[in-house]
Q: 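Sharing a structure here in structure tokens format.
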Amino acid sequence: MDLWYKRPLCTPDDSRCFQQSYKKLLQEHLHSPVFDFFKSSFKMSKIIVYTQEGFEGGTAEFTNNVQDLERKGFNKVISSLKVIGAPWVAYYDKNFAGQQLLFEEGEYPSLEDNAQFSSLKIVTDDLDDPEITLYEHEWYHGRSVTLKEEINLQNINFSDVASSHKVRRGVWVIYEHSHCQGRQLVSFPGEENPKYFSASFNDVASHVRPLRPQS
Ligand SMILES: [Ca+2]
């Protein structure tokens, strides 16, 4: 970028000259794509939760993981929410366990999983070049498929088959039903899930999709 190669015509010890030159450069480039990129990178990601539907009742704002919503006074009461920036995963149990549900940027005035959540995790992982391998049996045995993009598992004869998986890169959402419906299993980079029984997810996965970097 031009910006970084333009040198103000000042002597090294003339700090006032430097300041004025850089101020001018900043003004000239404030609306350039490079600054738009920086502004979007620094957008503050957060989740705003409410105890009643329609963004009413008690409210709180979180910018970091909440391992136990009870400590914040919001255990199993969240009934509507807004996500700004990065996606969040809400869990039925504390310590990011139990049934889970992904919320991408947007407003959710009512929730199917009303008043169920006990912990919240923000997605800050690298989402580039996603890759997951699904296996027919637990402990990575049987037939397997390695995927790099969203797919309806019916299309590759792997619906209601998966019993374990390994995520190499990216954050993946595995859905109980086609077209991203039903229960979800959210998996993070490097995560290995040797058997789905604990999540009652055995032989039900029908659709998978990786989260995509925000534009
Ligand atoms: Ca299976």
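As the structure lists them, so they are numbered: ligands from 1, and atoms in each ligand from 1.
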Q: Regarding Thr133 and Thr146, do their side chains bring together a donor and an acceptor under 3.5 Å, going by distance alone?
A: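 A donor-acceptor contact under 3.5 Å links the two side chains.
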Q: With a cut-off of 3.0 Å, does any N, O or S atom of Gly142 fall short of it relative to the Ca ion (ligand 1)?
A: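 Not a single backbone or side-chain N, O or S atom of Gly142 is under 3.0 Å from the Ca ion (ligand 1).
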Q: With His165, which of Phe188, Trp172, Tyr196, Phe158 fulfils ring pair (Phe, Tyr, Trp, His ring centres under 6.0 Å)?
A: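 Passing option: Tyr196.
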Q: Whether the Asn114 and Ser79 side chains hold a donor-acceptor pair (N or O, under 3.5 Å, no angle test) is what I'd like checked.
A: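 Checked: Asn114/Ser79 side chains pair up, N/O donor to acceptor below 3.5 Å.
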Q: Look at the N, O or S atoms of Glu136, main chain and side chain alike, and state whether any lies under 3.0 Å from the Ca ion (ligand 1).
A: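 Yes, since at least one N, O or S atom of Glu136 sits under 3.0 Å from the Ca ion (ligand 1).
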Q: Would Ser206 and Ser178 count as a side chain to side chain donor-acceptor pair (under 3.5 Å) if you check the C-alpha gap in whole Å, the side-chain angles of each, and the deciding distance to 0.1 Å?
A: CA-CA 5 Å; Ser206 297; Ser178 298; 5.0 Å; no
Q: Nearest 10°: the angle subtended at the Ca ion (ligand 1) by Asp203 OD1 and Ser163 OG?
A: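 Result: 90°, to 10°.
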